[in-house]
Colleague: 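Okay, handing you the structure first.
Residues take their numbers from the sequence shown, with the count starting at 1.
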Amino acid sequence: MSGSAPRSGPDAPPPERREGLVRGLLERWKDEPAPLLPLLHALHERDGHLSEEALRAVAKGLRIPIADLFGTVTFYHHFSREADGLDRPRVCDGPVCSMRGAEVLMASLRAAGHDPQAMPCPGRCDQPVPVIHRGTVLTGRTAGTLVSGPSPLPPPAPDGAEECVFAGIRRPGRAIFAGYLEHGGYDALEQAVTGMTPAEVIDVIDASGLAGRGGAGFPTGRKWRAVADAEGEPKTIVCNADEGEPGCFKDRVLMDHDPHATIEGMALAAYATGAERGFVYLRYEYPETFDILEGAIAEAEAAGLLGDGILGTDFSFRLMVRRGAGAYICGEETSLLNSLEGKHPFPRNRPPFPVTHGYENLPTVVNNVETLASAPPILLHGADWYRALGLGDHAGTKVISLSGDIARPGNYEVPIGLPLRELLHDRAGGPPPGRTIQAVTMAGLSGGFLAGPDLDVTLDEPSIRSRDSFLGAGGIMVFDDSRDMIRVTREAMEFFAEESCGKCFPCRIGTQRLVERLEGKGPGTVDAWVDEVIDLNEVMKRTSACGLGQAAPLLTESLIRYFPDRIRKHVAQGGGGPAPATKG
């Protein structure tokens with residue numbers, strides 16, 4: 001891990017020069033759409049931290065109350081307020097990496113003279129253990145073996161299997177404009193803009209059965225039509241590329257190896273809805289992806305496929321990338337919109353919904369990367385083609401991010417309706433030798449566990465929801481029979497407790513209480529412990545303001561369902577005892 005020029009101390013710029021640099025950055029960004037995040041990133045990267053003088057200058061320049069700005073900045077994980085805080089290596093301590101030696105790597109970095117800090121899952125579950133250091137992602141098990149490199153390509157599809165978003169991703173040069181164009185890239189956009197009405201584009205997407213691939217599963221055509229019909233200008237397309245769910249890393253591989261597919265999908269959505277501007281909201285933990293997207297957007301602009309007068313028509317669409325700063329809640333679409341607008345990223349109350357009151361309170365499409373990347377092949381091949389990719393009555397495909405105790409972790413594009421066991425054993429090689437699969441998580445962590453006979457589900461929402469879980473964004477973590485499911489559940493609940501935005505008390509307090517129960521605090525008898533946890537689960541699911549508080553209890557709910565013997569042992573060992581009182 002190489003050194004860098006000092007940003008503070010005797011070699012730092014004098015105060016008057018720093019003030020001039022801040023003014024220069026303010027002039028660069030203040031009149032741009034969604035200026036706060038890029039301005040803060042520029043200051044953070046220049047100085048290695050966000051100083052009080054810089055924040056006061058930003059607050060004055062953007063007319064943000066200083067208290068609001070401090071509250072917003074400190075909400076994000078990766079904005080440091082300490083001098084040279086940016087230089088501290090950040091090490092993943094997520095569920096997979098904690099099983100793969102995160103603590104050993106932290107100790108190795110300390111021994112090498114670094115001051116590492118833990119961070120939530122950065123979307124590299126297929127490459128444990130990741131470290132973010134000075135804007136670069138490295139992976140390895142010790143300080144001396146850390147290396148950087150591109151996202152792994154998806155494993156080859158089985159013979160005879162047809163894919164949608166992965167169909168061209170393994171071709172050499174696919175990430176650059178010429179390589180994308182070589183195999184039908186931007187043909188769908190040209191076909192739509194020069195030969196179809198916006199309503200006809202929406203009709204094809206609607207007939208295909210494409211639904212949101214980020215977790216909610218809302219019909220894409222219906223969302224586009226709602227924005228097209230909504231009053232208010234300008235309309236906006238937002239790509240939600242903040243895949244902060246532990247165990248999910250599919251969007252990263254799509255953007256790294258096929259960025260123009262997402263760009264083309266956003267342009268199609270813009271044409272269909274009448275949107276004039278678009279944002280890719282990219283999670284902080286994908287720094288290399290940021291450069292890839294910026295380069296791809298520049299290529300598309302140079303080719304006349306973004307900007308004014310696209311393909312010689314009166315259709316115009318400007319596309320920008322805005323990088324988050326590390327907050328799981330920003331994957332929720334209304335929190336994302338608040339973050340984009342420079343506000344504190346709390347979830348909004350709904351209704352109204354983003355289709356009528358989104359970015360700047362105007363009609364907005366918010367779609368996931370995989371959803372948008374699916375649109376160009378659907379337009380090219382037709383709705384019937386896409387529907388036929390699914391099994392039985394199910395339409396289309398889904399990318400599954402598979403990690404944990406499995407022979408071949410990675411991203412797999414599977415037909416909706418594929419048996420889970422076929423994915424785990426036939427495609428991904430099963431658990432380690434001599435081990436059996438004890439449990440898997442669904443929807444990253446948000447769907448809780450499946451175990452025992454419920455591993456016989458098929459990969460579609462009706463089948464999985466019948467087991468009180470859901471497919472969601474498609475992250476699946478595998479735990480073999482060597483893993484302690486109490487520890488796994490506690491670490492997962494600690495993540496949700498840390499990431500709770502705190503806006504509503506059922507989630508803010510409930511996640512903490514569930515962590516305490518998993519630590520051994522609480523009632524000293526099994527029946528009382530289970531009754532109390534069930535009560536906490538139900539209150540959180542019924543009254544939490546957003547999906548975090550509604551989904552976190554599925555972990556403890558499924559733990560009770562599948563592992564009663566382990567709970568009995570846990571309560572006996574914990575000895576019960578009262579939980580600490582809540583303050584405030």
Side-chain angles (χ1 to χ4, degrees), residues 126 153-171 174 183-184 188 204-221 223 239-240 243 245 247-255 257-258 261-262 264-265 268-269 367-402 408-424 426-428 442-444 447 457-465 470-476:
D126 53 343
L153 282 165
D159 290 343
E162 191 168 9
E163 297 172 308
C164 178
V165 295
F166 282 174
I169 200 170
R170 303 173 189 87
R171 294 190 180 113
R174 178 74 173 184
H183 296 280
V204 174
I205 297 297
D206 201 21
S208 74
L210 177 65
R213 296 299 189 233
F218 190 83
T220 305
K223 180 180 288 189
C239 173
N240 184 346
E243 60 172 349
E245 184 72 43
C248 294
F249 43 92
K250 64 185 177 66
D251 293 344
R252 170 173 56 87
V253 74
L254 284 166
M255 291 184 290
H257 295 290
D258 204 2
T262 299
E264 186 177 9
L268 284 168
N367 277 147
N368 166 263
V369 172
E370 183 185 352
T371 310
L372 290 161
S374 299
I378 290 172
L379 259 290
L380 277 181
H381 301 299
D384 291 343
W385 167 82
Y386 184 74
R387 295 193 73 89
L389 295 180
L391 299 179
D393 295 331
H394 303 294
T397 63
K398 179 76 189 76
V399 178
I400 303 295
S401 298
L402 196 58
R408 292 189 291 274
N411 286 294
Y412 295 82
E413 185 173 6
V414 304
I416 299 289
L418 184 80
L420 171 61
R421 289 190 186 274
E422 183 174 334
L423 171 62
L424 296 175
D426 298 348
R427 297 200 183 188
M442 302 305 295
V457 295
T458 52
L459 293 168
D460 57 82
E461 290 292 0
S463 177
I464 297 170
R465 287 186 183 276
F470 61 101
L471 181 59
I476 297 178

Colleague: May I have the list of side-chain donor-acceptor pairs in residues 377-388 shorter than 3.5 Å, sequence neighbours left out?
Modeller:
{"unit_1": "Trp385", "atom_1": "NE1", "unit_2": "Glu162", "atom_2": "OE2", "d": "2.8"}
{"unit_1": "Tyr386", "atom_1": "OH", "unit_2": "Arg213", "atom_2": "NH2", "d": "3.0"}
{"unit_1": "Arg387", "atom_1": "NH1", "unit_2": "Ala207", "atom_2": "O", "d": "3.1"}

Colleague: Could you report the tightest heavy-atom contact between Gly390 and Pro415, atom names first, then the distance?
Modeller: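 Taking every non-hydrogen atom into account, CA-CB, 4.3 Å.
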Colleague: His394: what forms a ring pair (Phe, Tyr, Trp, His ring centres under 6.0 Å) with it, not counting sequence neighbours?
Modeller: none
Colleague: Partners of Asn367 by side-chain contact (heavy atoms from CB on, under 4.5 Å), sequence neighbours excluded?
Modeller: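 With sequence neighbours excluded, Asn367 shows a side-chain contact (heavy atoms from CB on, under 4.5 Å) to Thr220, Lys223, Trp224, Val365, Thr371, Leu372, given in chain and number order.
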Colleague: Could you pull out all residues at least two apart from Glu245 that satisfy side chain to side chain donor-acceptor pair (under 3.5 Å)?
Modeller: Tyr328, Ser446
Colleague: Sequence neighbours excluded, which residues qualify as side chain to side chain donor-acceptor pair (under 3.5 Å) partners of Thr458?
Modeller: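 So Thr458 forms a side chain to side chain donor-acceptor pair (under 3.5 Å) with Asp460, Ser463.
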Colleague: Do side-chain atoms of Glu413 reach the backbone of Cys164 as a donor and acceptor pair under 3.5 angstrom?
Modeller: yes
Colleague: Could I get the full list of side-chain contact (heavy atoms from CB on, under 4.5 Å) partners for Arg408, not counting sequence neighbours?
Modeller: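 Arg408 satisfies side-chain contact (heavy atoms from CB on, under 4.5 Å) with Tyr412 only.
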Colleague: Residues in salt bridge (Lys or Arg N to Asp or Glu O under 4.0 Å) with Glu422, at least two apart?
Modeller: none
Colleague: Using the salt bridge (charged side-chain N to carboxylate O under 4.0 Å, His left out) rule, collect all pairs that involve residues 370-381, keeping only residues at least two apart or in two chains.
Modeller: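 Listed once each, the pairs are Lys250-Glu370, Glu370-Lys398.
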Colleague: Minimum heavy-atom separation for Ser208 to Ala395, with atom names?
Modeller: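 Looks like O-CB, 3.6 Å.
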Colleague: With Arg170, which residues qualify under side chain to side chain donor-acceptor pair (under 3.5 Å), at least two apart?
Modeller: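 Per chain and number, Arg170 pairs via side chain to side chain donor-acceptor pair (under 3.5 Å) with Glu163.
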Colleague: Taking only residues two or more places apart in sequence or in another chain, which ones pass side chain to side chain donor-acceptor pair (under 3.5 Å) with Ser374?
Modeller: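 Ser374 satisfies side chain to side chain donor-acceptor pair (under 3.5 Å) with no residue once adjacent residues are dropped.
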Colleague: Considering residues at least two apart in sequence or located in another chain, which fulfil the salt bridge (Lys or Arg N to Asp or Glu O under 4.0 Å) criterion with Arg171?
Modeller: none
Colleague: Is there a side-chain contact between Asp126 and Val253 (heavy atoms, below 4.5 Å)?
Modeller: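 A side-chain contact under 4.5 Å is absent here.
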Colleague: At their closest point, which heavy atom of Phe166 faces which heavy atom of Leu254, and how far apart are they?
Modeller: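 The pair with the smallest heavy-atom distance is CE2-CD2, 3.7 Å.
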Colleague: Can you establish whether the number of heavy atoms outside Asp426 located under 6.0 Å from its atom CG is more than 12?
Modeller: yes
